Amino acid sequence: MGEFQGKKVGLKEEGTHKLIAVYPETMNGTDHEIAKTVRDWFYKQACANEEILRTAYVDVVED
């Protein structure tokens with residue numbers, strides 16, 4: 001079982017670790033699949049998000 005399996009995840013900035021966005025659903029799958037789904041979802045919100053994604057990573061979001 002992966003680190004993201006069944007948990008709330010979101011995107012964070014590299015360096016500052018500031019939360020950028022929270023994915024609206026709890027995910028199931030491998031960590032790689034979950035990270036790809038979250039990044040694709042964020043990109044689809046606005047194509048300008050491509051610049052943000054260059055320095056973002058997927059991580060578990062604590063309540």
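Predicted model only: the values in this text are computed from it and were never measured. Keep in mind that the numbers below use all heavy atoms, side chains included, and drop hydrogens, waters and symmetry copies. All residue numbers in this chain count up from 1 along the given sequence.
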Closest approach of [X] to [Y] (non-hydrogen atoms, all atoms of both residues):
X	Y	answer
Val9	Val61	C-CG2, 3.5 Å
Lys7	Thr26	N-CG2, 3.6 Å
Lys12	His17	CD-O, 3.7 Å
Ala56	Ile20	CB-CD1, 3.9 Å

Inset, instruction - Check each of Thr30, Thr37, Ile34 against Phe4 using the side-chain contact (heavy atoms from CB on, under 4.5 Å) test, and report the only one that passes. - result: Ile34

Please tell me whether [X] and [Y] are part of a single hydrophobic cluster in this structure, the criterion being side-chain heavy atoms less than 4.5 Å apart.
X	Y	value
Tyr57	Val60	no
Met27	Leu19	no
Val22	Phe42	no

Legend entry - Separation between CG of Leu11 and CH2 of Trp41, rounded to the nearest 0.5 Å: 7.0 Å

Inset, instruction - Taking Arg39 for its side chain and Val58 for its backbone only, find out whether a donor-acceptor pair lies under 3.5 Å. - result: no

Inset, instruction - Say whether, by atom type as modelled, one donor and one acceptor occur between the side chain of Gln5 and the main chain of Gly29 under 3.5 angstrom. - result: yes

Inset, instruction - Find out whether Tyr23 and Lys8 are in side-chain contact, i.e. whether some heavy atom of one side chain is under 4.5 Å from a heavy atom of the other. - result: no

Inset, instruction - Inspect the contact between Arg54 and Glu51 and indicate whether a charged nitrogen and a carboxylate oxygen are less than 4.0 angstrom apart. - result: yes

